[in-house]
Peer 1: 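Let me give you the structure first, and then I'll get to my questions.
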Protein chains: 2
Amino acid sequence: MPGQRSITQAEKLAEAKLGGIPVRHEQMAVVANIYRAASAVRQHLENSVLRGADLTWTAFVVLWVVWIWGESETRHVAEEAGISKGTLTGVSRTLEKRGLLRRAGHPTDGRLVLLSLTEEGEELMRRVFPAFNEEEAFVAAQLDVDECRSVADGLRRVVLQVEEHGEERRLALLDGAAPAPRRSGRRPQS
Amino acid sequence: MPGQRSITQAEKLAEAKLGGIPVRHEQMAVVANIYRAASAVRQHLENSVLRGADLTWTAFVVLWVVWIWGESETRHVAEEAGISKGTLTGVSRTLEKRGLLRRAGHPTDGRLVLLSLTEEGEELMRRVFPAFNEEEAFVAAQLDVDECRSVADGLRRVVLQVEEHGEERRLALLDGAAPAPRRSGRRPQS
DNA sequence: TCCGTACAATTTGGAGCCGAACGACATCTG
DNA sequence: CAGATGTCGTTCGGCTCCAAATTGTACGGA
């Protein structure tokens with residue numbers, strides 16, 4: 001139902017709405033499906049393995065990053081996990097309360113906080129990650145290994161494009177104009 | 001930096017952590033990159049075109065769905081936009097307050113609410129969508145049209161796999177056990 | 001030693017988001 | 001035509017998230 005057909009139809013309707021102004025169909029389909037897939041995958045993983053371990057997606061990602069990279073400074077963890085520093089403060093404190101994560105001050109630089117897993121956290125990851133990876137395999141079950149590689153590679157190029165040229169592009173678009181404040185969140189100045 | 005290399009490295013570290021238990025690398029890479037790409041794309045679009053129009057991602061998606069499909073019942077809009085009914089209630093009311101969306105009762109079935117764009121909403125979409133689509137093209141600029149098609153197709157298969165077999169899979173995994181309540185949200189019963 | 005600057009994490013404000021419970025309405029059944 | 005059952009959208013509780021403002025620490029030069 002909302003697969004190939006409805007997306008194609010949506011594109012045609014969009015074109016009609018624009019009175020002949022051309023739409024970049026393929027690029028539109030990539031973005032739309034990236035987002036659909038991300039939601040579907042996240043929801044499946046949260047409702048299968050993560051809920052049983054009482055972890056949110058973000059909490060799992062944070063644990064995973066620290067597990068893989070070992071003791072790390074919070075800003076690196078936030079960057080790698082794809083969340084803001086502010087969010088990480090809350091998440092890491094929750095995980096600390098649950099005894100999965102340790103937060104320690106840096107020995108010489110008092111501004112830094114180092115995150116590492118507790119033994120309990122390590123155990124959890126040894127138990128949960130294999131199940132998580134099983135479900136990753138499940139969601140990708142309609143793709144063979146080569147297709148996985150090529151999809152992953154295409155997505156990597158999207159990420160790189162944004163990381164390398166996104167900032168510059170945004171500046172060019174605004175062209176010196178005010179960056180436009182965010183609707184939500186704390187108000188600037190006032 | 002966090003491109004091909006660091007992901008591959010992460011996978012090796014993960015395997016080491018598991019003491020030889022095999023990891024499904026390619027499937028893991030697909031999931032990881034779907035999520036990274038979704039975040040990157042959303043952030044870029046929010047910070048470029050959407051912020052200027054004072055729209056969040058979700059608000060834009062809702063407007064887009066109603067624009068494309070015309071007057072629609074809320075549950076269909078929620079489904080198509082990939083958000084819960086409860087979220088849609090809030091978002092649609094915000095958009096109504098801003099004069100972009102109309103909420104009307106169904107003429108014969110009093111339970112339903114129909115959403116449609118106001119003239120102002122239509123104008124906004126005619127103005128914003130082309131810019132949005134331009135940025136979709138920008139984020140996909142490293143992919144040629146064929147690659148776009150094949151990535152989109154691969155992602156579509158992921159979405160279908162979850163939509164068609166996800167529920168069944170989750171039930172099989174829990175195997176009759178309690179579905180494990182969500183940590184957040186309103187508590188059952190009590 | 002005392003600034004000023006730089007950069008760290010944290011706090012804070014506002015919106016998003018899910019899913020259980022709820023109330024309103026529709027429809028089926030006897 | 002009443003009650004049971006089902007299906008809407010809405011409400012509500014708790015958590016997630018971002019980014020501005022804030023707080024705290026480091027370190028360079030006067």
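Side chains are part of it too, since the values below use all heavy atoms of this structure and drop only hydrogens, waters and symmetry mates. Not measured: the values here are computed from a predicted model. Below, read A as the first sequence line, B as the second, and so on, with proteins coming before strands; counting in each chain starts at 1.
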Peer 1: Contact class for B:G82 vs. all strands (heavy atom < 4.0 Å): base, sugar-phosphate, or nothing?
Peer 2: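 Counting heavy atoms under 4.0 Å across all strands, the contact made by B:G82 is with sugar-phosphate only.
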Peer 1: So what does A:Q43 hit on the nucleic acid, given a heavy-atom distance under 4.0 Å: a base, only sugar-phosphate, or nothing?
Peer 2: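 The answer is sugar-phosphate, as A:Q43 gets under 4.0 Å only of primed atoms, P, OP1 or OP2.
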Peer 1: Between CD of A:E167 and CG of B:N47, what distance do you get to the nearest 0.5 Å?
Peer 2: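 With rounding to 0.5 Å, CD (A:E167) is 8.5 Å from CG (B:N47).
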Peer 1: What's the CD1-C1' distance between B:I83 and C:dC18, to the nearest Å?
Peer 2: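 To the nearest whole Å, that distance equals 11 Å.
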Peer 1: Ring pair (Phe, Tyr, Trp, His ring centres under 6.0 Å) between A:F132 and A:W64: does it pass, once the steps are laid out?
Peer 2: CA-CA 11 Å; A:F132 189 91; A:W64 190 79; 8.5 Å; no
Peer 1: Is there a donor-acceptor pair under 3.5 Å between the side chain of B:R24 and the backbone N or O of A:A137?
Peer 2: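 Side chain of B:R24 to backbone of A:A137: no pair is present.
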Peer 1: What nucleic acid atoms does B:G86 come within less than 4.0 Å of, heavy atoms only: base, sugar-phosphate, or nothing?
Peer 2: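 The answer is base, as B:G86 lies within the cut-off (heavy atoms under 4.0 Å) of a base atom.
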Peer 1: What contact category does A:S84 fall into here, base, sugar-phosphate, or nothing, at under 4.0 angstrom with non-hydrogen atoms?
Peer 2: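 Answer is base: heavy atoms of A:S84 come under 4.0 Å of a base.
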Peer 1: With no hydrogens and no angle check, just 3.5 Å: does a side-chain donor-acceptor pair link A:R102 and A:T118?
Peer 2: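 The criterion, which ignores hydrogens and geometry beyond distance, is not satisfied for A:T118 and A:R102.
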Peer 1: Does C:dA9 have OP1 or OP2 sitting under 4.0 Å from an N or O in the side chain of A:T89?
Peer 2: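 No, because none of the side-chain N or O atoms of A:T89 sits under 4.0 Å from OP1 or OP2 of C:dA9.
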Peer 1: Calculate the interatomic distance between B:L55 atom CG and C:dA15 atom C1'; express it in whole Å.
Peer 2: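 Value for this atom pair: 14 Å.
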Peer 1: Pick the nucleotide of DNA chain C nearest each of A:E73 and B:T58; which residue has the one closer to the 5' end?
Peer 2: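 Closer to the 5' end of DNA chain C: A:E73.
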Peer 1: Out of C:dC25, C:dG19, C:dA9, which has the shortest distance to the side chain of A:T74?
Peer 2: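 Selected nucleotide: C:dA9.
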Peer 1: Could you work out which one of D:dT10, C:dT10, D:dC18 sits closest to the side chain of B:K85?
Peer 2: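 Out of D:dT10, C:dT10, D:dC18, the nucleotide with an atom closest to B:K85's side chain is D:dT10.
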Peer 1: Does A:V91 or A:G110 map to a spot on DNA chain D nearer the 5' end, using the closest nucleotide for each?
Peer 2: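 The answer here is A:V91.
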Peer 1: Send over the distance from A:D54 CG to D:dC15 P, rounded to a whole Å.
Peer 2: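 Those two atoms, CG and P, are 10 Å apart.
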Peer 1: Atom CZ of A:R51 and atom P of D:dT16: how far apart are they, to the nearest Å?
Peer 2: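 So the CZ-P distance, A:R51 to D:dT16, works out to 14 Å.
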Peer 1: Counting any heavy atom closer than 4.0 Å, what does A:T108 reach on the DNA or RNA strands: base, sugar-phosphate only, or nothing?
Peer 2: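 Sugar-phosphate, backbone atoms only, no base.
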Peer 1: Identify whether the distance between the nearest side-chain nitrogen and carboxylate oxygen of B:E96 and B:R93 falls below 4.0 Å.
Peer 2: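 Salt bridge: no.
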Peer 1: So, does B:T87 get its side chain near the phosphate of C:dC18, meaning an N or O under 4.0 Å from OP1 or OP2?
Peer 2: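 Answer is yes, contact under 4.0 Å.
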Peer 1: B:L50 CG to C:dG16 C1': how many Å, rounded?
Peer 2: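 Nearest whole value for this atom pair: 15 Å.
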Peer 1: Please check this pair: side chain of A:Q27 against backbone of B:V139, looking for a donor-acceptor N/O pair closer than 3.5 Å.
Peer 2: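 No: the side chain of A:Q27 does not pair with the backbone of B:V139.
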Peer 1: Measure from CH2 on B:W57 to P on D:dA19 and round the result to the nearest Å.
Peer 2: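 Going from CH2 in B:W57 over to P in D:dA19 covers 15 Å.
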Peer 1: Measuring from the side chain of B:L112 (C-beta onward, heavy atoms only), which nucleotide among C:dA8, D:dT10, D:dC8 has the closest atom?
Peer 2: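 When the side chain of B:L112 is considered, D:dC8 is the closest of C:dA8, D:dT10, D:dC8.
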Peer 1: If you check the A:R111 side chain, which of C:dA26, C:dA6, C:dC17 turns out closest?
Peer 2: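 The answer is C:dA6, which lies nearest to the side chain.
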Peer 1: Using atom CZ of A:R42 as one end and atom P of C:dC18 as the other, report the distance to the nearest whole Å.
Peer 2: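 Between P of C:dC18 and CZ of A:R42: 9 Å.
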Peer 1: Starting at atom CG of A:D109, determine the distance to atom P of D:dA26, rounded to an integer number of angstrom.
Peer 2: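 From A:D109 CG to D:dA26 P: 6 Å.
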Peer 1: Could you tell me whether the phosphate oxygens of D:dC15, OP1 or OP2, come under 4.0 Å of any side-chain nitrogen or oxygen in A:R93?
Peer 2: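 A:R93 to D:dC15 OP1/OP2: no side-chain N or O under 4.0 Å.
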